[in-house]
Protein chains: 2
Amino acid sequence: MKKSWLVYGSLMGFLMIVLEVTHYKAVVKDIRIEIFGVVIGLMFMAMGIWLGMTWYKKKNNMEKYDPAKLGLSQRELEVLELLSQGYSNQEIADKLFVSLNTIKTHVSKIYQKLNAKRRTQAIQKARELALIAPSNG
Amino acid sequence: MKKSWLVYGSLMGFLMIVLEVTHYKAVVKDIRIEIFGVVIGLMFMAMGIWLGMTWYKKKNNMEKYDPAKLGLSQRELEVLELLSQGYSNQEIADKLFVSLNTIKTHVSKIYQKLNAKRRTQAIQKARELALIAPSNG
DNA sequence: TGCTAAATCACCCGAAAGGATGAAGGAAAA
DNA sequence: TTTTCCTTCATCCTTTCGGGTGATTTAGCA
């Protein structure tokens, strides 16, 4: 949480500096004050959204951390879900905006926790344990 | 069907020969006639079971040939079932007493018919189409 | 009696998956 | 503050998959 506040403070400071510079240097003196206000508003909104998502993600993560899920982390459950839907590791990586290696690591840990040797076996066990969304089966 | 009768006839003939030899050579003269009868009975029973299974399999195959199953043959459905249960090609081959190459051929045709690119995708589609036994999902 | 489909098996080759291991940053908990 | 977990990414190496192609046997169908 300390890191979040650090980032937030830094961004605030940076914004202040930008404000001062643009104000005194009169670089944007011909830009109407309304547009300037809108830009500042959007930047703060972006920060707010980022902060909100970060905290929500954390809260959500803790809530979903269910012992019945065999210690699978939130991210692992996400990967498992896509896995069961027939996506390849590369496709999952693209969908989650991470590298192929990262997905392979997640998948390996999923196998360990589910005691599976293959992805098809992981799907089977995940179904039995209702770890993945019930589909037409 | 002609092949079945050929095999059946050959086995019958072989049995006759065995009977004659064992009888006239008196190799088993000290074996009680009851035991001999039991053995003969068991052999005929084995042949009967084999014949029955062969014919039932054929009949069953024709009955199960359902257009709703997308033209998947009986064997392909068997492989698909084991596939969805998390077995590797080698394990499926061992279970069905055929070679790995045979399973790979079946699996390839399954992919073609289900329009799948991976085995996980085949499982997903098979579930949607209820081609495989409904499990805990 | 040819034609067709199913089932079996083989070989080659490239792609995907999987195992082992290490590393590094962030966050929560002790 | 130290420890532990999560997430991210990497490299090396082996195994499994999957595509393409061709061949054989058997049985059913026209």
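So you know, we letter chains A, B, ... as the sequences are listed, proteins then strands, and number each from 1.
- Both A:Y111 and A:L80 are assigned to one and the same hydrophobic cluster, defined by single-linkage of ILVMFWY side chains at heavy-atom distances under 4.5 Å.
- Rounded to a whole Å, the CG atom of A:N115 is 11 Å from the P atom of C:dG19.
- When the C1' atom of C:dA7 is taken as reference, atom CD of B:E78 falls 11 Å away, rounded to whole Å.
- A salt bridge links B:E78 to B:R75: at least one charged side-chain nitrogen sits closer than 4.0 Å to a carboxylate oxygen.
- If you check every strand for non-hydrogen atoms under 4.0 Å, B:K109 touches nothing.
- For D:dC5, its base never sits under 3.5 Å from the side chain of A:S73 at any donor and acceptor pair.
- Here salt bridge (charged side-chain N to carboxylate O under 4.0 Å, His left out) pairs that include residues 95-108 of chain B, with residues two or more places apart or in two chains, number zero.
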Can you give each donor-acceptor pair under 3.5 Å made by side-chain atoms of residues 115-122 of chain B, sequence neighbours left out, with the distance rounded to 0.1 Å?
{"residue": "B:R118", "atom": "NE", "partner": "A:G86", "partner atom": "O", "Å": "3.1"}
{"residue": "B:R118", "atom": "NH2", "partner": "A:G86", "partner atom": "O", "Å": "3.4"}
{"residue": "B:R118", "atom": "NH2", "partner": "A:E91", "partner atom": "OE1", "Å": "2.8"}
{"residue": "B:R118", "atom": "NH2", "partner": "A:E91", "partner atom": "OE2", "Å": "3.3"}
{"residue": "B:R119", "atom": "NH1", "partner": "B:Y87", "partner atom": "O", "Å": "3.1"}
{"residue": "B:R119", "atom": "NH2", "partner": "B:N89", "partner atom": "OD1", "Å": "2.3"}
{"residue": "B:Q121", "atom": "OE1", "partner": "B:K117", "partner atom": "N", "Å": "2.9"}

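- Of the candidates D:dG18, C:dA17, D:dC6, the closest approach to any side-chain atom of B:K104 belongs to D:dG18.
- For A:Y111, taking side-chain heavy atoms from C-beta onward, the closest of the listed nucleotides C:dA7, D:dA10, C:dG19 is C:dG19.
- Rounded to whole Å, atom C1' of D:dC5 lies 14 Å from atom CG of A:L72.
- In this structure, the CZ atom of A:R119 is 14 Å from the C1' atom of D:dT15, given to the nearest Å.
- With rounding to whole Å, A:R75 atom CZ is found 9 Å from D:dT8 atom C1'.
- Using a cutoff of 4.0 Å between basic side-chain nitrogens and carboxylate oxygens, A:E76 and A:K113 are scored as salt-bridged.
- The side-chain hydrogen bond (donor to acceptor under 3.5 Å, both in side chains) test applied to A:T102 returns A:S99, not counting sequence neighbours.
- Among the nucleotides D:dG18, C:dG18, C:dA7, the one closest to the side chain of A:V107 is C:dG18.
- For the segment residues 82-103 of chain A, the set of residues with a heavy atom within less than 4.0 Å of an atom of DNA chain C comprises A:S88, A:N89, in numerical order.
- One atom, CG of B:L80, and another, P of C:dA6, lie 16 Å apart when rounded to the nearest Å.
- Rounded to whole Å, the distance from NZ on B:K117 to C1' on C:dA15 is 13 Å.
- For the pair A:I110 CD1 and C:dG19 P, the interatomic distance rounds to 12 Å; values are reported in whole Å.
- The heavy-atom pair separating A:L77 from A:L131 by the smallest distance is CD2-O, 4.2 Å.
- Take B:D94 and apply the side-chain hydrogen bond (donor to acceptor under 3.5 Å, both in side chains) test, not counting sequence neighbours, and it matches B:Q90.
- Residue B:H106 places none of its side-chain N or O atoms closer than 4.0 Å to OP1 or OP2 of C:dA7.
- The bend of the helix from C:dT1-D:dA30 to C:dA30-D:dT1, defined by the angle between the axes of its first five and last five pairs, stands at 50° to the nearest 10°.
- B:I103 and B:I132 end up in the same hydrophobic cluster when Ile, Leu, Val, Met, Phe, Trp and Tyr side chains are linked at under 4.5 Å.
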